[in-house]
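It should be emphasised that the depicted structure is a prediction, and the values quoted were computed from it without experimental measurement. Nothing fancy with the numbering, it's 1 onward along the sequence. Atoms within each ligand, like the ligands themselves, are counted from 1 in listed order.
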Amino acid sequence: MKYGRVYNFSAGPAMMPEEVLEDIAAEVLNYRGSGMSVMEMSHRSQVYQKILDDAEADLRKLMGIPENYKVLFVQGGGTVQFAMVPMNLMKNGVACYIETGVWSKKAIPEARRYGEVLVPASSADRQYSYIPDCSNLEIPENADYVYLCENETINGISWPSLPDTKGKTLVADQSSMFLSRPCDVSRYGLIWAGVQKNVGPAGMSVVIIREDLLRDDLPQYVPTYLRYKTHADNGSLYNTPNCWAIYCCGKVFRYLLDNGGLEAQAKRNEEKAAVLYDFLDGSEFFRATAEKNSRSLMNVRFVTPSQEEDAAVIAAAKAAGFENLKGHKSVGGLRASIYNAMPKAGVEALADFLRKYEKR
Ligand SMILES: *Cc1c(COP(=O)(O)O)cnc(C)c1O
């Protein structure tokens, strides 16, 4: 790898495409003759407005976002969305949350501050190693929405297909699979994604929301900044946005468009993940923890026969230049996050390393 960079398997913040970083580096002191860096630029300037407009237009093109959806760039990262979703979408005060791992579990108590939360399906019985059957969920008539985490970053599982929400609004946390494959936005009421997993720098979420879900009748206590409508009415410029993150995300949107869009990216991701899962399936020492039809293509979780062996592999891998293979502290084991920007060569090198380690 150029510049002494390493294969970084971090779950987030995570790798960005090298070409994008080079492009950003070339513009960092003087953005296209403006005489200043994007970091130093007024968010009300014409130059910045174009960066913002282009980012939104490119994302719309990439995902095929219908006209009746707003694209918002909201500060505060993923955790803020755990609160914003119920604050903005609970009208009757009832929502259904599907519990599939650490991140959907975290969203539940946050939503309970604002109303009743029902859990019509869970995969807790087998340590969140699979997506439960959601073809016939018990969803009450007055439920405001059905919420899911489309890729559980920590548990390494992903939804093979969307649930039947019985006509209720579907809300998805796409943080760790955003832009990893084509997405039919019209099936969702709201999609949100913290960008530091698959797109850009930390501290911001992209929110894609159907216009009829933007409300004027929110409870008085909902802060101005935490109303989706505030951001929608002001084109994500109600206050100073995370200008730098939006600029970097825009670069990644353009990069994906220039490289065949989401179909091509999905193909690359499938090929990459297959390299690792095929190795794990054939191994007698390592074992993938996710059940086959729920496997994440972004976060590959695996274990050895013991915690001591896990730690030994992680240390040996680090010494060989494979960074951040330690599983999340809440679940242990190993995890290779192989988002869009991880080159196939990186995954092949890792599988090779693990194969040799097993032989030894
Ligand atoms: C990382 C992550 C979050 C939390 O994002 P923060 O920006 O750290 O608050 C939420 N959901 C998923 C699926 C994640 O991977």
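Side chain to side chain, Thr153 and Ser176 meet the donor-acceptor criterion of an N or O pair below 3.5 Å. Of the N and O atoms on the side chains of Ser283 and Glu358, at least one donor lies less than 3.5 Å from an acceptor on the other residue. Side-chain contact of Tyr255 with Asp23: a donor-acceptor pair under 3.5 Å is absent, judged by distance alone. Side-chain contact check for Tyr31 and Glu40: no donor-acceptor pair (N or O, by modelled atom type) lies under 3.5 Å. With hydrogens and angles left out, the side-chain atoms of Glu22 and Tyr3 include a donor and acceptor closer than 3.5 Å.
Within the 4.0 Å heavy-atom shell around ligand 1 one finds Ser175. Assignment of Gly12 to the shell around ligand 1 is not supported, since no heavy atom sits closer than 4.0 Å.
Shortest contact from atom 6 (P) of ligand 1 to any protein heavy atom: Gly78 N, 3.4 Å. Ranking protein heavy atoms by distance to atom 13 (C) of ligand 1, first place goes to Asp173 OD2, 3.2 Å. In terms of protein heavy-atom proximity, atom 8 (O) of ligand 1 is closest to Gln196 NE2, 3.5 Å. Here the protein heavy atom with the shortest distance to atom 1 (C) of ligand 1 is Lys197 NZ, 1.5 Å.
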- I would like to know whether Ser330 and Val102 meet side chain to side chain contact (heavy atoms under 4.5 Å, CB included); could you show each step before the answer? CA-CA 8 Å; Ser330 61; Val102 173; 3.9 Å; yes
- Item | Full working for side chain to side chain contact (heavy atoms under 4.5 Å, CB included) between His231 and Met84 | CA-CA 12 Å; His231 300 275; Met84 267 181 100; 4.2 Å; yes
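Here is the list of ligand 1 atoms found below 4.0 Å of a heavy atom in Phe82: 10 (C). Heavy-atom contacts of Cys149 reach the following atoms of ligand 1: 13 (C) (cutoff under 4.0 Å). For ligand 1, the atoms sitting less than 4.0 Å from at least one non-hydrogen atom of Gly77 are 7 (O), numbered in the order shown with element in parentheses. Of all the atoms in ligand 1, the ones that sit under 4.0 Å from a non-hydrogen atom of Thr79 are 6 (P), 9 (O).
With a 4.0 Å cut-off on non-hydrogen atoms, Thr153 touches ligand 1 through its side chain and not its backbone.
Atom NZ of Lys106 sits in a sparse spot, with 12 or fewer heavy atoms from other residues, nucleotides or ligands closer than 6.0 Å.
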